[in-house]
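Working notes for the structure below.
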Amino acid sequence: MLTQRYTGKTVLVAARERMSFLFDEFEHIIVSISGGKDSTALAHLALVEANRRRRKIGLYFLDEEVTYQSSADQVERLMSMFPENITKIWLQIEFNLTNS
């Protein structure tokens with residue numbers, strides 16, 4: 001059974017520490033984004049760390065061409081936040097969604 005262990009850190013502090021670890025351990029970092037809340041928060045944490053370290057990261061978006069306009073707008077906002085730290089990877093490829 002899992003037990004909770006409290007560290008005395010906020011979620012934000014712990015997330016920043018984990019992001020710092022990733023930048024220490026990996027030369028190439030790519031964040032997959034959807035334009036939703038979770039990927040926006042993750043991308044923002046990665047972009048702030050990349051900017052702080054003067055490094056580039058990839059932001060990857062798979063455009064299914066059936067996403068909400070607000071999601072595509074959010075992806076565009078993310079991809080313009082720190083242009084000097086971003087390699088944009090925006091793919092639109094034809095594929096068949098079996099769940100639609």
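Within the model, atoms CZ of R54 and CZ of F82 stand 12.5 Å from one another, a figure rounded to the nearest 0.5 Å. Of the inter-residue distances, the one linking I86 atom CD1 with M81 atom CE reads 8.0 Å to the nearest 0.5 angstrom. Interatomic distance, CZ of F61 versus CD1 of I89, reported as 13.0 Å (0.5 Å rounding). Atom OG1 of T67 sits about 12.0 Å away from atom CD of Q74, to the nearest 0.5 Å. Taking CG from L45 and CZ from R16, the interatomic distance works out to 7.0 Å, rounded to the nearest 0.5 Å.
Listed by first and then second residue, the salt bridge (charged side-chain N to carboxylate O under 4.0 Å, His left out) pairs involving residues 58-78 amount to none (not counting sequence neighbours).
Distance alone, capped at 3.5 Å, is enough to place a donor-acceptor pair between the S39 side chain and the S34 backbone. A donor-acceptor contact shorter than 3.5 Å is absent between the side chain of N85 and the backbone of K56.
Under the 4.5 Å side-chain heavy-atom criterion for Ile, Leu, Val, Met, Phe, Trp and Tyr, W90 and L42 are members of the same hydrophobic cluster.
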Pairs of donor and acceptor atoms involving the side chains of residues 18-33, under 3.5 Å and at least two apart or interchain, shall be tabulated with distances.
from : atom 1 : to  : atom 2 : distance (Å)
S20  : OG     : R53 : NH2    : 3.0
D24  : OD1    : R53 : NH1    : 2.8
D24  : OD1    : R53 : NH2    : 2.9

Might you work through the side chain to side chain contact (heavy atoms under 4.5 Å, CB included) test for L47 and L59, ending with a clear yes or no? CA-CA 9 Å; L47 285 169; L59 286 186; 4.2 Å; yes

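Residues forming a salt bridge (charged side-chain N to carboxylate O under 4.0 Å, His left out) with E17 (at least two apart in sequence, or on another chain): K9.
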